[in-house]
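Before any comments, here is the structure.
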Amino acid sequence: MSEIRIVQNVLKHNDEIAAMNRQRLRDAGVFWIDLIGSPGCGKTSLLETTLRRLHGRIQIGIIAGDLATDRDAKRIQACGAKVVQINTGKGCHLDANQVRHALDEIDLTGLDLLIIENVGNLICPVGFDLGQDAKVGMFSVCQGDDKAAKHPHLVRAADLLILNKTDLLQHVRFHPVTFRDDVEKLNPDVAIMELSVTESRVDPWLDWLISKTAKAQAQTGNGSPEPTPLIQGGI
Ligand code: MG
Ligand code: ZN
C-alpha cells in the first residue's frame, strides 16, 4: 500500500515542476513537444530531417534523453542545433525535474521550438508530464500493426501520432486499416501522420510544427501570426 502512495507523491511532485516548466516556456513563446516512441522507430532521424528542412526558418532546440550514450546528441549537433543531453542511466523515462535542469542549459531567447526526444519506451514516459505543449507518439510500420492497441495509454495521451517508414509497407506485415481502426477506438480525435523520414516525406509534420510555433509566438506577441505552409492542406 505504501508503495502506491510513494508513486503518487512522486507524480504529484513531478506535476508541480512540470507546471513551472510549462509557464517558463509559455513566457518565452516557445512551442515544445515530448516525442515518445520505441527504440528504432526513427525519432532521431526525424529530428535530423526536421532540423535540415527548417534550417533558417525556425530556431529549434533539442533535449535528448538516452540511457547511456550521446550518439543521438552528436547526430543532432551535426545538424547545427542546440542540444542538451540527459543520460538517465537505468531510468526508462524523463521526468520534469530532469527537464527543468536541462532547460537551464538552453538560451530560450530566440528559440521558437523545443523538441524533447524521450527515452525509447512507449510505456512510462506517457505518465510523466514534462510541461510540454504536445505529446507526439511515434510508431513505425516495422513494429507491426498491433502496437497502437498494445499501447493504449500513449495513443490516448497523444496530441499527434506519427507512423514512420511507410516506404517499407510492402516488405512488412502491417495493415494500415488495423492500425487506424485501433487508434480510432482509443482516441478518435488524434491525427495520424504517415511519414517516410528516409525518403524525406515529412511535409505534413513540418507544416504542423510551423503552424504550432507561429501560434505560440502570437500568444506572446512575437513572430508572425500567419505562417506560410510548405504544402496546402496540412493538419
Ligand atoms: Mg534516438
Ligand atoms: Zn520509466
Side-chain angles (χ1 to χ4, degrees), residues 3-15 17-18 21 32-54 60-102 106 113-132 134-143 147 150-158 160-165 168 193 195-200 202 205 209:
E3 216 171 293
I4 291 169
R5 207 177 310 129
I6 289 166
V7 170
Q8 284 175 340
N9 283 344
V10 167
L11 287 176
K12 184 167 179 281
H13 185 55
N14 184 79
D15 286 350
I17 298 173
N21 292 344
W32 63 315
I33 291 166
D34 181 10
L35 180 61
I36 300 174
S38 66
C41 72
K43 298 184 295 301
T44 312
S45 299
L46 176 64
L47 296 185
E48 288 175 309
T49 302
T50 303
L51 290 165
R52 293 206 173 100
R53 294 278 307 274
L54 294 181
I60 306 174
I62 307 283
I63 295 175
D66 199 295
L67 299 192
T69 76
D70 61 357
R71 292 185 190 188
D72 287 359
K74 281 184 173 155
R75 285 169 61 187
I76 290 160
Q77 210 163 31
C79 300
K82 299 166 189 168
V83 57
V84 178
Q85 168 87 36
I86 301 175
N87 279 132
T88 56
K90 289 181 180 170
C92 46
H93 61 267
L94 295 177
D95 64 39
N97 196 41
Q98 289 169 322
V99 169
R100 173 171 67 160
H101 290 299
I106 299 173
L113 170 67
L114 177 69
I115 304 178
I116 298 176
E117 180 181 344
N118 214 314
V119 177
N121 174 359
L122 296 174
I123 305 166
C124 49
V126 181
F128 284 80
D129 183 14
L130 306 177
Q132 75 288 323
K135 269 190 200 293
V136 176
M138 187 164 178
F139 297 91
S140 86
V141 300
C142 302
Q143 297 166 261
K147 292 304 173 288
K150 290 180 113 171
H151 296 280
H153 304 298
L154 175 58
V155 174
R156 284 198 197 99
L160 174 70
L161 291 178
I162 290 172
L163 180 62
N164 188 30
K165 308 194 188 184
L168 297 177
M193 280 183 188
L195 309 180
S196 167
V197 172
T198 51
E199 292 184 345
S200 204
V202 295
W205 161 251
L209 292 177

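In this text the structure is predicted, and so the values were computed from the model without any measurement. Start at 1 and go down the list; that is how both ligands and their atoms are numbered. We number each residue from 1, following the sequence as shown.
When the Zn ion (ligand 2) is compared with the N/O/S atoms of H93, atom ND1 turns out nearest. For E117, the N, O or S atom with the smallest separation from the Mg ion (ligand 1) is OE2.
Between I76 and A64, the shortest heavy-atom distance links the atoms CD1-CB, 4.4 Å.
Take the Mg ion (ligand 1) as the corner point: the lines to OD2 of D72 and to OG1 of T44 open at 90°, to the nearest 10 degrees. With the Zn ion (ligand 2) as the vertex, SG (C124) and SG (C92) define an angle of 110°, rounded to 10°.
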(message) I'd like to know whether R52 forms a side-chain hydrogen bond (donor to acceptor under 3.5 Å, both in side chains) with S200, so could you lay out the CA-CA distance, the side-chain angles of the two residues, the decisive distance to 0.1 Å, and finally the verdict.
(response) CA-CA 10 Å; R52 293 206 173 100; S200 204; over 6 Å; no
(message) For E117 and T44: C-alpha separation, side-chain torsions, deciding distance, then whether side-chain contact (heavy atoms from CB on, under 4.5 Å) applies.
(response) CA-CA 7 Å; E117 180 181 344; T44 312; 2.8 Å; yes
(message) Could you walk me through whether T88 and Q98 satisfy the side-chain hydrogen bond (donor to acceptor under 3.5 Å, both in side chains) test, starting with their C-alpha distance in whole Å, then the side-chain angles of each, then the deciding distance to 0.1 Å, before giving a yes or no?
(response) CA-CA 9 Å; T88 56; Q98 289 169 322; 5.9 Å; no
(request) Mind running side-chain hydrogen bond (donor to acceptor under 3.5 Å, both in side chains) on D95 and N14 for me, showing each step along the way? (result) CA-CA 7 Å; D95 64 39; N14 184 79; over 6 Å; no
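For the Mg ion (ligand 1), the set of nearby N, O or S atoms under 2.8 Å includes none belonging to D66.
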